[in-house]
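Okay, so here's the structure we're looking at.
Side chains are part of it too, since the values below use all heavy atoms of this structure and drop only hydrogens, waters and symmetry mates. As the structure lists them, so they are numbered: ligands from 1, and atoms in each ligand from 1. The shown structure was predicted, so the numbers you read here are calculated from the model rather than taken from an experiment.
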Amino acid sequence: MPGFFPYWVVVTHFLNIFFLLLLARSGTEVLSSLPKLYWHDDCPPGREWLRFSKKTYGADSRRVWSSLDEEEAWSPVIALPGRKNLGLGRHWHFMSIQFWILTGAVYICMVFVSGYWHYLVPTSWSIVPESIRAVGTYLHFQLPARLPGQPFEAAQKLTYFLVIFVLSPFQILTGAAMSPAVLARFPWYSRLFGGKQGARSLHFLGLCAFAAFTALHTFMVVIHGVPKEFAGIVLADVDANRTLALAVGLTGIFLVLVFHVVVTVLSLRYKRATQHLLGFMVNPFERALSRTFTSREHYGRADISPYFRVNGYPPVGEEYARLSADGFRDYRLAVGGLVDQPVSLSLDDLRRLGEQAQVTKHNCIQGWTAVAEWAGVPLALVVDLVRPRPEARHVVFYAMDDKGLTEGEGRYGYFYGTVPVYLATHPQTILALEMNGAPLPVVHGAPVRVRIETQLGFKMVKWVRAIEFVEDYRDIGMGEGGWREDQQYYANAAGI
Ligand SMILES: Nc1nc2c(c(=O)[nH]1)N[C@H]1C(S)=C(S)[C@@H](COP(=O)(O)O)O[C@H]1N2
Ligand SMILES: [Mo]
């Protein structure tokens with residue numbers, strides 16, 4: 001049998017505290033962008049089971065609203081980094097998750113290799129009555145005895161088992177059930193958790209469970225005596241010098257807190273650098289998902305959501321008004337750039353290329369979902385028509401909405417988005433002209449909007465004016481590969 005507190009437990013326990021706090025705070029930031037939880041993927045506004053926001057928008061709201069209006073600015077004291085920074089919060093979350101999983105994998109290996117699992121994994125149902133008895137003992141203000149030859153009492157062992165072998169995998173699985181690439185490729189997977197909204201709600205309840213465990217665990221350490229407990233978990237030796245253990249342990253906690261203060265302040269001050277630095281670690285992973293998964297969504301018409309949120313106010317200005325006034329008869333879609341055959345297509349030209357319909361689920365980065373039927377021209381057909389040159393690596397979609405006029409908040413410029421060329425030829429990548437059997441409504445992107453079903457909503461540019469094939473997007477806009485990437489620090493890869 002291994003000792004009660006081997007060094008690898010000390011190290012992984014510390015790393016666990018470190019990454020879990022990052023995950024909790026950055027997860028809170030993600031929640032702040034849509035502080036509402038639902039059980040059904042239609043998630044109509046007003047039907048949330050839990051809401052952390054005073055703002056209420058109804059599906060029947062008389063005022064035009066956009067889903068970004070639902071976002072809340074939360075304090076940097078709780079959220080990482082706080083103040084409506086969904087893009088950066090996601091970066092922190094996805095950076096931390098990789099290292100938390102790595103820590104967990106090392107820990108689990110060591111647990112089984114060393115035989116430590118005997119202390120953690122109950123091998124008899126008697127653990128249940130024993131745990132109940134242990135809890136009863138605590139309630140009589142006494143400390144239950146440890147299991148013979150083991151470091152923990154029964155309730156403690158059972159709790160650790162549940163946190164390590166049930167709650168942690170549960171958080172990873174419900175987390176994966178929110179990735180648009182995973183959901184599009186394996187629609188059955190999300191059904192395990194009651195859809196994406198079920199996964200979101202359960203993931204949040206998992207966070208609550210972690211928080212409750214942490215509070216109880218800390219309380220138990222206090223009533224058992226901090227210096228004694230720290231000797232074990234900090235110095236790997238229950239008989240070690242307790243003053244030293246206390247000093248080292250409290251220093252460790254202090255350093256974690258200092259780290260959080262520093263990265264929060266730096267993230268808020270140097271947003272672009274944070275986006276780049278964390279993106280360097282996260283984007284390759286996101287891209288791998290986007291590249292390998294194609295959408296296999298085939299929902300039925302009966303699944304179509306009664307209400308589909310809008311994100312992004314329609315273009316204002318004469319030109320768009322003029323175009324829409326006569327049903328976009330004068331609309332022309334320019335397709336050019338690094339192609340052999342630049343074209344300018346009317347809506348009829350587009351339709352003649354060939355149409356396809358698909359009932360799919362939309363995933364906004366904020367977390368809401370909605371199912372609709374989209375019909376339009378596969379982008380692959382347009383690619384065949386214009387024949388991009390080999391050096392073309394990205395497709396740019398230019399939109400007609402000037403966000404400075406439609407949204408404000410200090411942001412400006414026409415909306416645009418880019419995707420790697422390989423996404424343009426995925427089977428469910430289309431230029432949609434219709435939604436739910438009718439011409440595309442203005443708020444949803446009339447006359448043409450992009451659908452790329454493995455990606456987050458912000459990649460699906462509405463009100464498309466032109467398409468350009470480019471080698472590099474760095475000289476477009478602020479150079480991050482899209483308007484939301486430029487102005488809201490979203491990741492350029494959108495498969496998660
Ligand atoms: N031109 C333009 N396209 C856009 C946006 C926008 O603001 N302007 N918002 C994006 C985001 S973040 C989402 S979630 C979807 C929302 O599509 P919907 O309004 O049809 O629901 O559009 C995307 N395309
Ligand atoms: Mo979005």
Side-chain angles (χ1 to χ4, degrees), residues 30 32-34 41-45 57 59 64-71 84 86-87 89-90 178 180 196 304-317 319-320 323-324 333 360-376 396-409 411-419 429-436 438-467 477 481-492 494-496:
V30 174
S32 75
S33 74
L34 185 74
D41 278 359
D42 285 342
C43 56
Y57 296 95
V64 181
W65 58 281
S66 166
S67 74
L68 215 51
D69 299 335
E70 298 177 281
E71 188 173 42
K84 292 195 181 178
L86 168 63
R90 283 167 52 91
M178 291 187 273
K196 168 145 171 175
I304 290 174
S305 303
Y307 184 79
F308 202 113
R309 276 175 169 78
V310 168
N311 198 359
Y313 290 99
V316 288
E319 203 199 329
Y320 186 78
L323 283 174
S324 67
L333 175 67
T360 53
K361 194 175 284 173
H362 181 92
N363 287 276
C364 172
I365 190 171
Q366 289 173 261
W368 57 268
T369 42
V371 176
E373 181 182 47
W374 304 96
V396 191
F397 303 98
Y398 296 96
M400 297 188 261
D401 52 327
D402 181 339
K403 303 293 265 181
L405 300 177
T406 58
E407 256 165 52
E409 293 217 22
R411 303 192 277 251
Y412 56 89
Y414 282 94
F415 194 91
Y416 75 98
T418 70
V419 293
T429 299
I430 66 172
L431 297 174
L433 310 174
E434 284 167 33
M435 180 187 189
N436 297 334
L440 213 51
V442 164
V443 287
H444 292 294
V448 175
R449 70 101 40 96
V450 182
R451 297 292 318 166
I452 309 173
E453 306 297 351
T454 54
Q455 301 291 290
L456 291 168
F458 74 92
K459 286 289 179 186
M460 303 189 214
V461 179
K462 307 192 281 186
W463 312 294
V464 178
R465 169 167 62 81
I467 300 178
W483 190 89
R484 296 207 188 275
E485 293 90 325
D486 285 349
Q487 313 243 350
Q488 293 177 279
Y489 307 93
Y490 288 0
N492 181 20
I496 303 182

Lys/Arg-Asp/Glu bridge criterion (N-O < 4.0 Å) met for K462, D401
no
Could you walk me through whether E453 and K361 pass the salt bridge (charged side-chain N to carboxylate O under 4.0 Å, His left out) test, one step at a time?
CA-CA 8 Å; E453 306 297 351; K361 194 175 284 173; over 6 Å; no
So that I can tick it off, tell me whether E434 and R449 are bridged by a salt bridge, with the cut-off set at under 4.0 angstrom between side-chain N and carboxylate O.
no
Any chance the rings of W374 and F308 have centres within less than 6.0 Å?
yes
Is there a side-chain contact between V30 and Q366, using heavy atoms and a 4.5 Å cut-off?
no
Is there any protein N/O under 3.5 Å from an N/O of ligand 1, and what does the full list of such pairs look like?
unit_1: ligand 1; atom_1: 1 (N); unit_2: D401; atom_2: OD1; d: 2.8
unit_1: ligand 1; atom_1: 1 (N); unit_2: D401; atom_2: OD2; d: 3.4
unit_1: ligand 1; atom_1: 1 (N); unit_2: K462; atom_2: O; d: 3.0
unit_1: ligand 1; atom_1: 3 (N); unit_2: K462; atom_2: N; d: 2.9
unit_1: ligand 1; atom_1: 7 (O); unit_2: K403; atom_2: NZ; d: 2.6
unit_1: ligand 1; atom_1: 7 (O); unit_2: R484; atom_2: NH2; d: 2.9
unit_1: ligand 1; atom_1: 8 (N); unit_2: D401; atom_2: OD2; d: 2.8
unit_1: ligand 1; atom_1: 9 (N); unit_2: N311; atom_2: O; d: 3.1
unit_1: ligand 1; atom_1: 9 (N); unit_2: R484; atom_2: NH2; d: 3.1
unit_1: ligand 1; atom_1: 17 (O); unit_2: R449; atom_2: NH2; d: 3.0
unit_1: ligand 1; atom_1: 19 (O); unit_2: N311; atom_2: N; d: 2.9
unit_1: ligand 1; atom_1: 19 (O); unit_2: K462; atom_2: NZ; d: 2.4
unit_1: ligand 1; atom_1: 20 (O); unit_2: H444; atom_2: ND1; d: 2.7
unit_1: ligand 1; atom_1: 20 (O); unit_2: R449; atom_2: NH1; d: 2.9
unit_1: ligand 1; atom_1: 21 (O); unit_2: R309; atom_2: O; d: 2.6
unit_1: ligand 1; atom_1: 22 (O); unit_2: R449; atom_2: NH2; d: 3.4
unit_1: ligand 1; atom_1: 24 (N); unit_2: M460; atom_2: O; d: 2.9

Give a yes or no on whether a salt bridge exists between E409 and K84, defined as a side-chain N under 4.0 angstrom from a carboxylate O.
yes
